[in-house]
Amino acid sequence: MKSLFLLVVVFVAVRSDNDDHAARLLASKSILNQFIVEGKELTVEYSIYNVGSSQAYNVELSDSSFPEEDFQRVSGSLNVKWDRLAVGANVSHAVILKPLRPGYANFTAAQVKYYPTEESQAVQVGYTTAPGEAGIVGLKDYERRFSPHIVDWATFAIMTLPSIGFPFLLWYRSKSKYDVKHKKN
Amino acid sequence: MATSTKMLALAILAVLPVLMKASTCIGPQVTSNVYTTSEASMSISTVFVVEVAVKCNNGEKDLLLFADVNGHMVPATQSGTGKFQVSWSDEHKKLPAGTYGVRFFDEEGYNAVRKEKRSGTDGSAVTPIFTVNVKHSGTWTGPYVQTEFVATCVALLVWYMAYRSKSFLMS
C-alpha cells in the first residue's frame with residue numbers, strides 16, 4: 001500500500017515536471033538617469049532573467065518606444081537577439097539615446113519574444129516593465145541649475161572692478177604724491 | 001590500394017570541418033564602437049557598451065560570440081549579421097578610469113574557458129578570437145570645487161588685503 005502511494009507520488013511529480021519544462025523570461029526596462037536632459041545622454045538598461053526550467057531559444061528584444069525624430073541613437077541597438085538563454089541566466093543590455101526635444105515622454109514597455117523549448121513552434125511574446133512617464137528637461141534649464149557658470153562669475157568680477165578699482169586708484173595716486181613729498185623733505 | 005584509402009581518409013578529413021558546421025571565425029576583421037558613461041548625473045551606474053562588427057575570412061555567418069567581462073562570461077547579443085553588442089554596468093566606484101580588455105570567444109572558446117574555470121583557474125590561458133580595449137576616462141561626478149566657493153574665497157581675500165593695508169595705514 002505504501003509503495004503504491006509512493007509510486008503515485010513519484011509519477012505525479014515526474015508528470016508535473018515534464019509539463020513545466022519550459023523557459024519563462026522576466027524582463028525589466030529601467031532608465032538609469034537622475035535627470036533626463038535634452039541633448040544629453042539617456043541610459044536605458046534592459047535585464048532579462050530566465051526563471052523557467054528550460055533554456056529559452058531565439059530570444060528577441062525589440063523596443064519601438066523611441067521614435068527616430070525624438071531620440072537619437074548614440075550607442076547600442078534597440079533590436080537585439082540572444083541565441084539561447086540558459087536556465088537561471090541573467091543578461092543585461094544597454095542602449096544610449098539622446099532626447100532631441102524637451103517635454104514629457106512616456107516610456108513604455110519593450111517586447112521580448114522567445115521560444116520556451118527547443119521544439120516549440122509557437123513564439124512566446126512578453127513585455128518588459130515600463131519606466132512610466134518622465135519629464136525631459138530643456139538644456140537651458142538644466143545648465144542654469146547645474147553648470148559652473150564660469151563666464152558669469154568672470155563677468156561679475158570685471159563688473160566689480162570699477163567700484164573697487166576707482167577708489168584704490170585715487171588712494172594710490174595720493175599715496176605716491178605723499179611719498180614723493182616725503183622724499184623731497 | 002593503400003594510397004587510395006589514404007587519399008580517401010585525407011579527403012574526408014578535409015571535408016569534415018565543413019560537415020561539422022563549426023561556427024568558428026578565421027581571420028576576423030573587427031570594427032568596434034565603444035561607449036562609456038561620462039557624467040554621473042546621466043546614469044546612476046557606469047555603463048559600458050561595446051558594439052562590434054565582425055567579418056570572417058571564412059565567410060562564417062552563424063557566429064555566436066561570448067565576451068569575458070570583468071571575469072564574468074556574458075553572451076553577446078546580435079543586432080544584425082555580423083554585428084554584436086556587449087554591455088555591462090556597475091557602480092561608479094567599481095569601474096574607475098582605465099583601460100578594460102574585453103576578450104571575445106566563440107562557442108569552442110567559451111566552453112574551454114568554462115572548463116578552465118571549473119578546474120579552478122581563471123580561464124585567462126584560453127586565446128580569444130579577438131580583444132577589444134575599452135578606454136574609460138572616468139565618470140565625472142561634478143567639479144572638485146564649486147565656482148561659487150572660489151568666488152567667495154576671492155572676495156574674502158580681496159577684503160582681507162584691503163583690511164590689512166587699512167590697519168597698517170591707521171597704525
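Per chain, numbering begins at 1; letters A, B, ... match sequence-line order.
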Original post:
Just checking, is any N or O donor in the side chain of A/Ser54 or A/His21 under 3.5 Å from an acceptor N or O on the other one?
Top reply: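 There is no such pair (donor and acceptor under 3.5 Å, judged by atom type) between the side chains of A/Ser54 and A/His21.
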What part of [X] is in contact with chain A, defined as an atom under 4.5 angstrom from a non-hydrogen atom: side chain, backbone, both or neither?
X	answer
B/Pro75	both
B/Gln146	neither
B/Ala162	neither

Report all side-chain donor-acceptor pairs from residues 47-54 of chain B shorter than 3.5 Å, counting only partners two or more places apart or in another chain.
from, atom 1, to, atom 2, distance (Å)
B/Glu51, OE1, A/Gly76, N, 3.3
B/Glu51, OE2, A/Arg73, NH1, 3.3
B/Glu51, OE2, A/Gly76, N, 3.4

Please set out all donor-acceptor pairs under 3.5 angstrom arising from side-chain atoms of residues 145-170 of chain A, sequence neighbours excluded.
from, atom 1, to, atom 2, distance (Å)
A/Ser147, OG, A/Glu143, O, 3.0
A/His149, ND1, A/Asp152, OD2, 3.1
A/His149, NE2, A/Arg144, O, 3.0
A/His149, NE2, A/Ser147, O, 3.4
A/Thr155, OG1, A/Val151, O, 2.6
A/Thr160, OG1, A/Ala157, O, 2.7
A/Ser163, OG, A/Thr160, O, 3.0

**OP:** Let me see the working for B/Asn57 and B/Gln29 under side-chain hydrogen bond (donor to acceptor under 3.5 Å, both in side chains), right down to the final yes or no.
**Re:** CA-CA 8 Å; B/Asn57 274 347; B/Gln29 287 136 31; 2.9 Å; yes
**OP:** Answer yes or no: is there an ion pair linking B/Glu39 with A/Lys40, defined by an N-O contact shorter than 4.0 Å?
**Re:**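 Judged by the 4.0 Å cut-off on N to carboxylate O distance, B/Glu39 and A/Lys40 do form a salt bridge.
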**OP:** Inspect the contact between A/Arg84 and A/Glu60 and indicate whether a charged nitrogen and a carboxylate oxygen are less than 4.0 angstrom apart.
**Re:**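 Here A/Glu60 does not pair with A/Arg84 in a salt bridge, since their nearest N and O are not under 4.0 Å apart.
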**OP:** Apply side-chain hydrogen bond (donor to acceptor under 3.5 Å, both in side chains) to B/Arg164 and B/Tyr160, showing your working.
**Re:** CA-CA 6 Å; B/Arg164 221 177 56 152; B/Tyr160 177 68; 4.7 Å; no
Original post:
Side chain, backbone, both or neither: which part of A/Tyr46 has a heavy atom under 4.5 Å from chain B?
Top reply: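 The answer is neither part of A/Tyr46.
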Original post:
Which region of A/Glu45, side chain (C-beta onward) or backbone (N, CA, C, O), has a non-hydrogen atom less than 4.5 Å from a non-hydrogen atom of chain B, or is it both or neither?
Top reply: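 Contact with chain B is through the side chain of A/Glu45 alone.
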Subject >> Partner residues of B/Val74 under the side chain to side chain contact (heavy atoms under 4.5 Å, CB included) criterion, sequence neighbours left out >> reply: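 Side chain to side chain contact (heavy atoms under 4.5 Å, CB included) list for B/Val74, sorted by chain: B/His72, B/Val86.
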Original post:
Just checking heavy atoms, which of residues 111-129 of chain A are less than 4.5 Å from chain B?
Top reply: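 Those residues of residues 111-129 of chain A which would need a heavy atom under 4.5 Å from chain B do not exist here.
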